[in-house]
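If you're wondering where the values come from, they're calculated on a predicted model, not measured in any experiment.
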Amino acid sequence: MDPVIRISDEVRDAVAARRPVVALESTIFTHGLPRPRNLAVALEAEAQLRAAEVVPATIGVLRGVPTVGLSTDEITELATAQTVTKLSVRDLPIAVARRLSGGTTVAATALLAHRAGVEIFATGGLGGVHRGAQSTFDESADLVALSTVPILVVSAGVKSILDIPATLERLETLSIPVVGYRTRTFPGFYIRDSSCPLEHSVDSPAEVADLVRARDALGLKAGILLANPVSEDAQLDPGLHARVLHEAEERAAAAGVAGKDTTPFLLDHFHRATGGRSLDVNVEVYRGNVTLGGAVATALAGSSP
């Protein structure tokens, strides 16, 4: 275990005993959701896993200490702090040296989870290639991180405001397996079907566990992306989604919004134009992925030697 990283006794003991553990990121409650809903969702995710007899390993950085297995008090501190930093992999040494507190992105969470021996990570949506990246080179570090961190990530695809076809091309180039969970189309986060086909799918947590074991047996170092669509009754209406996305893109272009300002602009428009419905879908996406992550972790633990 890395001495720079603090691992809770509960997580350390569960990993050593090969009991099911699921990593959870912290940016979803430090930056992704409004208060006080952010804290409620974070604690609910932990409770979901515990109810399924799975150990939650919420990951974040507290005063310069990367922590795998935040306590309830520590989650509350990060969720209610007035100033908290968003930390990807490149930011971790700065946070440690300057003793900063922050929420870890998918990339940083995956890295820290792997360092602690956690094999399954449930999140909402993965970062991806941004629209217009051919000129801005705006691409999430999540993709690069997953090409070098052998962890399984349960995600509802990427947000539809991103360039989904380009993201799938990058995932292929980086040799990251993308497998649909009971679907042959890549999910679009707010909606079940992005219209982008998937070559491979699985139908059960046991099949997912087989994929993880096969990847490890081959000695491959890339992660696996398990694409889990939001339930049909919880998704944003596809017609509304298409209309709002078109409106958001037109308004961003008219306002001259570009680069790193584009995503926050589009997400804010989605929230306002759907009367907050997109936020509800965001939460449902996360709940579904946490549930599936727990089931996969249980299947993997049960099949371990």
Self-check item: Within-4.5 Å side-chain heavy-atom neighbours: V202 and Y181
Solution: yes

Practice problem: Considering non-hydrogen atoms only, spot the tightest contact between S8 and G69 and give its length. | Solution: CB-O, 3.4 Å

Exercise. Would you check if V55 and V15 make a side-chain contact, meaning some heavy-atom pair closer than 4.5 Å?
Key: no

Practice problem: Write down the atom of A57, the atom of V11, and the distance for their closest heavy-atom approach. | Solution: CB-CG2, 3.8 Å

Practice problem: Step by step, work out the salt bridge (Lys or Arg N to Asp or Glu O under 4.0 Å) result for E119 and R18. | Solution: CA-CA 10 Å; E119 299 176 285; R18 300 295 300 170; 3.2 Å; yes

Self-check item: Side-chain heavy-atom pair I28, T123 within 4.5 angstrom cut-off
Solution: no

Self-check item: Residue pair R215, V212: steps toward the side chain to side chain contact (heavy atoms under 4.5 Å, CB included) verdict
Solution: CA-CA 5 Å; R215 187 269 318 276; V212 174; 3.7 Å; yes

Quiz item: Do you know the tightest heavy-atom contact between A113 and A23?
Solution: CB-CB, 3.7 Å

Practice problem: Mind checking the NE2-CG spacing from H31 to L78? Nearest 0.5 Å is all I need. | Solution: 10.0 Å

Quiz item: Got R287 and V290 here, is their nearest side-chain heavy-atom distance under 4.5 Å?
Solution: no

Quiz item: What closest approach, in Å, do L225 and F186 show between heavy atoms, and which atom pair accounts for it?
Solution: CD2-CE1, 4.1 Å

Quiz item: At their closest point, which heavy atom of N228 faces which heavy atom of G288, and how far apart are they?
Solution: ND2-O, 3.6 Å

Quiz item: Is V178 close to L198 at the side-chain level, that is, under 4.5 Å between some pair of heavy atoms?
Solution: yes

Quiz item: Does the side chain of L240 reach to within under 4.5 Å of the side chain of R243, using non-hydrogen atoms?
Solution: yes

Quiz item: Okay, side chain of S147, backbone of L174: is any donor-acceptor separation there less than 3.5 Å?
Solution: no

Quiz item: For I176, which of V144, L220, L171, I224 qualifies under side chain to side chain contact (heavy atoms under 4.5 Å, CB included)?
Solution: L171

Quiz item: Out of curiosity, R12 CZ to D9 CG, how far, rounded to the nearest 0.5 Å?
Solution: 7.0 Å

Quiz item: Do R37 and V41 pass the side chain to side chain contact (heavy atoms under 4.5 Å, CB included) test, and can you show the C-alpha distance, the side-chain angles, and the key distance before you say yes or no?
Solution: CA-CA 6 Å; R37 196 171 188 182; V41 169; 4.1 Å; yes

Quiz prompt | Pairwise distance CZ(F121) to CG(L112) - rounded to 0.5 angstrom | solution = 10.0 Å

Quiz item: Looking at T109 and T104, what are the two nearest heavy atoms and their distance?
Solution: OG1-OG1, 2.8 Å

Which donor-acceptor pairs under 3.5 Å do the side chains of residues 79-103 make with protein atoms, sequence neighbours left out?
{"residue": "T80", "atom": "OG1", "partner": "T76", "partner atom": "O", "Å": "2.6"}
{"residue": "D91", "atom": "OD2", "partner": "S88", "partner atom": "N", "Å": "2.8"}
{"residue": "S101", "atom": "OG", "partner": "R63", "partner atom": "N", "Å": "2.8"}

Exercise. Begin with the C-alpha distance, continue with both residues' side-chain angles, and end with the deciding distance and a verdict on side chain to side chain contact (heavy atoms under 4.5 Å, CB included) for N289 and V230.
Key: CA-CA 8 Å; N289 292 342; V230 66; over 6 Å; no

Quiz item: Do L43 and F29 come within less than 4.5 Å of each other through their side chains, counting heavy atoms only?
Solution: no

Quiz item: Are I5 and V65 grouped together when hydrophobic residues (ILVMFWY) are joined by side-chain heavy atoms under 4.5 angstrom apart?
Solution: no

Quiz prompt | L266 side chain reached by K159 side chain, heavy atoms, under 4.5 Å | solution = no

Quiz item: What ring pair (Phe, Tyr, Trp, His ring centres under 6.0 Å) pairs are there with at least one residue in residues 56-75, not counting sequence neighbours?
Solution: none

Quiz item: If you measure only the distance, is there a donor-acceptor pair under 3.5 Å linking the side chains of T58 and E46?
Solution: yes

Self-check item: Exam field: side chain E207 to backbone D203, donor-acceptor pair closer than 3.5 Å
Solution: yes

Exercise. Mind checking the CG-OG1 spacing from L168 to T173? Nearest 0.5 Å is all I need.
Key: 11.0 Å

Practice problem: Verify whether one side chain among D233 and S231 offers a donor that lies under 3.5 Å from an acceptor in the other. | Solution: yes

Quiz prompt | N-O pairing of E10 and R19 below 4.0 Å | solution = no

Quiz item: If you measure from CD on Q48 to OH on Y286, what distance do you get to the nearest 0.5 Å?
Solution: 8.5 Å

Quiz item: In Å, rounded to the nearest 0.5 Å, how long is the span from CD1 of I191 to NE2 of H241?
Solution: 4.5 Å

Quiz item: Only one of T298, L49, V296 forms a side chain to side chain contact (heavy atoms under 4.5 Å, CB included) with P20, so which one is it?
Solution: T298

Quiz item: What do the steps show when you test K221 against T148 for side chain to side chain contact (heavy atoms under 4.5 Å, CB included), and what is the final call?
Solution: CA-CA 5 Å; K221 300 303 180 184; T148 60; 5.9 Å; no

Practice problem: Would you please name every residue forming a ring-ring contact (aromatic ring centres under 6.0 Å, His included) with Y190, sequence neighbours left out? | Solution: F270

